[in-house]
S.K.: 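Take this structure first; my questions come after.
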Amino acid sequence: MSSPLLEVLDLKVYFRVRGSLFAKVKAVDNVSLKVFKGETLGIVGESGCGKTTLGKTILLLNKPTSGKILFEGLDVVKLKGRKLLEFRRNAQMVFQDPHTSLNPRMTIAETLLEPLREHKVQLNDYEEYLIKEMESVGLGSEHLYRYPHELSGGQKQRVAILRAIILRPKLIVLDEPTSALDVSVQAQILELLRDLQRNHNLTYVFISHDISVVKYMSNRIAVMYLGKIVEIGNSQKLYEKPLHPYSVMLLSSIPIPDPLVSRSRKKVIPQGEPPSPINPPPGCRFHPRCPYTMDICKTKEPPLTEVEPGYYVACWLYAHG
Amino acid sequence: MSIVKAVYEALVKVINFYVLVRDKLSPGWSTKNSSRVKEWKLMAYAFSKSKIGVLGGMIVFVVTLLAIIGPLLAWEPYWEYKVVEDPELWYHPPCIPPWCSGYPLLGTDEWGRDIISLSFYGFRISFVISLFVVFLGAPLGILLGLVAGYKGGLIDEVIMRLTDIFIAFPGLILAIAFASVFPQRIRAFLEANTLLRDFLSFIFGLRPNEYAQLAAILSVWVAMVIVWWPGYARIVRGSVLSVREQPFIEAAKLVGLPTRKILIKHVLPNVLSPILVMMTFDLATATLFAAALSFLGLGPQEPVPELGYLISKAGNFFPERTAHIVLYYGTILLVIALGWNLLGDALRDVLDPRTRRSIEFREGG
Amino acid sequence: MAESLQDGQVLKVRDLEVKFYTYAGVVNAVSRISFEVYEGEVVALVGETGCGKTVTTRALTRLIEHPGRIENGSALFKRRNNEVVDLLKVPEEVIRDIRGNEIAYVFQDPTSALDPLYTVGTHIVETVTNHRKVKAKEVLRDAIRLLKEVVIPSPELRVKNYPHELSGGMRQRAVIATSLSNSPKLLIADEPTTNLDVTIQAQILELLKNLQAKYKMSLILITHNLGIVAEISDRVYIMYAGKIVEEALTTDLYYKPLHPYTQLLLRSVPNPLKRIEKLESIPGVVPSLINPPPGCRFYPRCPYATDVCRREEPSMIEVEPRHRVACWLYLKR
């Protein structure tokens with residue numbers, strides 16, 4: 001594989017809890033990962049596992065507590081001024097809910113012109129350019145001067161995607177881009193994202209709780225649980241033979257759109273609920289819900305170990321401590 | 001039903017005319033803003049559906065009109081004391097034609113001035129004070145609220161504690177303190193700046209040589225602005241806190257916009273509608289508050305016909321000789337306040353996109 | 001009454017029509033739909049946002065709010081005492097007695113379904129005492145049993161908890177417990193797991209399945225997730241743009257979908273067990289329900305559309321036993 005476009009090293013993002021002096025939410029705790037040029041890295045996990053925080057921190061929307069974020073080898077955490085603007089141009093995001101990610105008081109044209117103006121992109125005819133761009137994401141010119149509320153959810157998400165790619169960035173973080181949309185629209189958006197990736201040579205970080213979608217989109221998948229990556233590797237492998245007990249549980253909870261299969265397959269009905277990230281359990285964070293808990297799991301945190309080239313798991317079943 | 005239709009059509013005509021003008025000025029404006037215009041028309045419709053809103057709008061329209069042209073309409077200068085010529089005019093009761101003639105319709109005050117003519121000046125003074133208070137207090141509060149809510153942390157803490165102090169400050173006592181300190185200084189200042197003095201007396205519809213009274217009005221006004229802005233700062237901060245968390249603000253940060261632009265382009269437009277509603281209500285409150293201050297003797301004195309002051313003076317012979325004066329000026333204040341409040345109530349529904357969409361549409365649709 | 005219920009039917013809806021009168025125009029949210037629910041079965045109502053599935057179920061107990069109006073139709077419901085009533089015509093007191101008692105709802109968002117000022121126990125007590133004359137103390141004992149039933153750990157303590165002290169999954173369990181408190185004949189679950197995590201979703205679905213069997217109630221499940229449908233429903237109605245386009249047993253629907261919309265919908269869901277090269281997506285957008293197109297409403301997006309589809313609306317026909325579809329492909333002309 002080629003060189004990493006983005007490398008995250010020992011990233012920690014802690015939030016102070018309101019009304020408490022010492023309590024902290026460890027939203028992202030010691031996460032390291034690489035994203036290679038042109039690939040899609042999927043990040044899956046349940047709500048509160050820190051996947052969205054991780055995605056936003058990569059784009060410096062949150063301040064990391066410690067750790068490094070290298071973009072093309074350059075640590076971007078402390079960037080300011082022109083350098084920061086340059087990074088912004090290269091790394092963009094598509095948000096989950098298109099109803100709230102577009103300013104309701106701005107027309108589509110105003111929303112799309114904003115990045116062009118801010119980055120001083122010189123064009124002869126902005127309107128003509130925007131119409132061409134709109135067509136590239138499947139929108140007609142008649143939408144240009146509309147307000148977001150006049151567009152359907154899918155159309156709004158197309159606008160949001162266009163806003164993200166209009167400066168031709170290298171990296172795009174997609175934070176649950178289809179989870180607020182209907183299934184038939186979801187398929188359209190996923191296909192659009194794949195087309196754009198091919199045409200513009202984009203690198204994606206695809207965050208979702210829907211493992212079927214992540215699997216369809218990604219080359220590699222990282223599974224997160226309570227602020228930590230518990231398993232990361234090739235998506236096909238992870239899907240066919242998940243190693244971490246949490247990944248197993250997660251995969252068997254997805255409802256399969258096939259009645260005979262879904263009723264006959266062996267299911268692990270998940271036990272319990274994820275604990276609060278304010279006070280995560282000691283040792284392996286999954287141990288209270290894990291069917292294979294051993295003594296060591298309760299006291300010592302399992303390291304992320306390479307079980308196969310490029311395939312890592314953080315579980316004492318596979319590590320030698 | 002017909003009123004709904006008439007008001008709606010009148011408003012649509014106004015909107016269409018505006019669109020026509022804008023389109024003439026910059027061709028293509030109407031296509032670029034067709035959605036905006038459509039939304040305006042929906043607002044017009046939602047407004048016309050609200051009967052009390054239409055009533056409030058009419059009252060406000062009339063009040064505003066009277067405030068603007070009132071001093072020109074007034075047939076008696078407020079500084080002429082007719083009682084000197086005709087002692088009968090001293091607190092003359094209402095004089096309604098078939099039974100009585102030769103005297104003003106609704107009676108006179110202690111100087112023999114026609115109270116209707118006098119009230120036209122009062123309209124102007126009340127209107128200008130309330131407008132000034134709200135339109136100076138609100139931007140100050142909005143600005144501080146925006147910064148506090150968006151920046152958070154220490155800045156928020158400092159601004160909000162300052163706001164608390166000013167909210168805790170009793171406006172009445174502040175006004176009393178000001179009334180004893182400010183008027184002389186303002187007066188001296190006005191004497192030095194004749195241009196400003198002429199301008200202000202023109203705005204308030206007074207004679208240019210009314211230094212002392214002008215100074216008293218201004219001191220009331222300053223006291224009110226000082227107690228007025230904190231309400232806005234609080235409300236704006238609250239709305240900013242929720243808007244700040246919206247993804248479109250994060251998207252704007254990702255574009256690389258500086259804080260100033262984010263505040264003006266993305267935050268402000270999304271917190272403005274409740275503020276506009278509040279300002280409308282406040283125009284009523286400010287009118288009454290100013291009247292109350294002058295009622296207590298903190299505002300202008302003779303011969304300025306401030307409504308609150310006129311009522312307080314009428315209190316001397318209440319109710320035997322002055323019931324008509326108190327009733328008349330009281331009703332005026334009531335109607336002004338009612339107009340703004342009704343209008344504000346309707347605006348609240350009109351400016352909220354959700355409620356304005358839920359208004360049932362029957363006529364012609 | 002012209003129609004009556006057949007054996008085993010709990011609910012029979014005929015020609016239900018709901019319209020919303022808005023500034024933009026009259027929205028035909030639900031256009032003359034008919035369906036029925038049998039005792040003890042799980043019926044799924046599937047469709048995309050705005051297809052009218054929620055409006056349909058809300059119309060059943062007349063929960064349609066301004067500016068919406070129920071324009072037409074009947075909804076025969078067999079009450080506990082075997083009396084058959086038309087839900088759309090009975091007096092307001094009767095419908096209030098049925099709602100929350102014989103027909104209970106579980107909504108998508110458990111947070112807004114619970115009043116933050118009251119404990120979980122109070123919610124259950126309120127729901128019961130609204131419909132029956134019982135002592136609050138007795139109900140509270142019953143509430144603990146119900147919480148145990150929906151697998152809430154240490155129910156004796158949880159009954160005194162306020163909604164904000166519970167997690168999202170626990171809240172939804174509490175909502176389900178509340179809706180079960182009067183042992184309803186019909187439970188309407190409107191996207192009950194949409195706001196929950198997959199692992200929690202699996203738990204809640206398992207729970208609903210068990211409770212439905214135990215209480216012998218009928219369940220109408222509203223969802224857009226075809227995985228969930230495959231998991232627990234017996235029969236499925238597919239809705240598109242305010243109309244029911246297909247009705248089938250769950251297995252028939254998945255293996256022999258008849259309506260082109262159903263076929264495309266099934267192919268646009270990524271099945272994680274299969275290797276997919278390209279997802280099929282349905283071109284175009286859902287038509288506006290203000291002045292919907294004449295003829296078949298799916299016509300503008302349908303790959304098999306012919307001239308007749310544009311002109312005339314297809315009616316429902318039974319193609320195979322218990323498999324009905326509204327499509328000109330199956331109607332002989």
S.K.: Using heavy-atom distances under 4.5 Å, tell me whether Gln96(A) contacts chain B through its side chain, its backbone, both, or neither.
M.R.: neither
S.K.: Rounded to the nearest 0.5 Å, what separation is found between the NZ atom of Lys38(B) and the CZ atom of Arg146(A)?
M.R.: 6.0 Å
S.K.: Taking everything shown except Arg82(A) itself, do over 12 heavy atoms lie less than 6.0 Å from its CZ?
M.R.: no
S.K.: Keeping the roles fixed (side chain from Ser35(B), backbone from Tyr145(A)), state whether a donor-acceptor pair exists under 3.5 Å.
M.R.: yes
S.K.: What part of Arg163(A) lies closer than 4.5 angstrom to a heavy atom of chain B: side chain, backbone, both or neither?
M.R.: side chain
S.K.: Is Leu102(A) in contact with chain B via its backbone, its side chain, both, or neither, using a 4.5 Å heavy-atom distance?
M.R.: backbone
S.K.: Picking from Ile166(A), Leu61(A), Leu85(A), which has the most non-hydrogen pairs under 4.5 angstrom with chain B?
M.R.: Leu61(A)
S.K.: Counting a contact as any heavy-atom pair under 4.5 Å apart, which residues of residues 239-268 of chain B contact chain A?
M.R.: Gln246(B), Pro247(B), Phe248(B), Glu250(B), Ala251(B), Lys253(B), Leu254(B), Val255(B), Gly256(B), Leu257(B), Pro258(B), Lys261(B), Lys265(B), His266(B)
S.K.: Heavy-atom cut-off 4.5 Å, strictly under: side chain, backbone, both or neither for Glu150(A) against chain B?
M.R.: side chain
S.K.: Report, as yes or no, whether the 6.0 Å neighbourhood of atom CZ on Phe169(B) holds more than 12 heavy atoms from other residues, nucleotides or ligands.
M.R.: no
S.K.: Near Arg168(A) CZ, under 6.0 Å, is it more than 12 heavy atoms from other residues, nucleotides or ligands?
M.R.: yes
S.K.: Ignoring hydrogens and geometry beyond distance, is a side-chain donor-acceptor pair present between Tyr147(A) and Arg36(B) at under 3.5 Å?
M.R.: yes
S.K.: Check the surroundings of atom NZ in Lys41(B): do more than 12 heavy atoms from other residues, nucleotides or ligands lie under 6.0 Å from it?
M.R.: yes
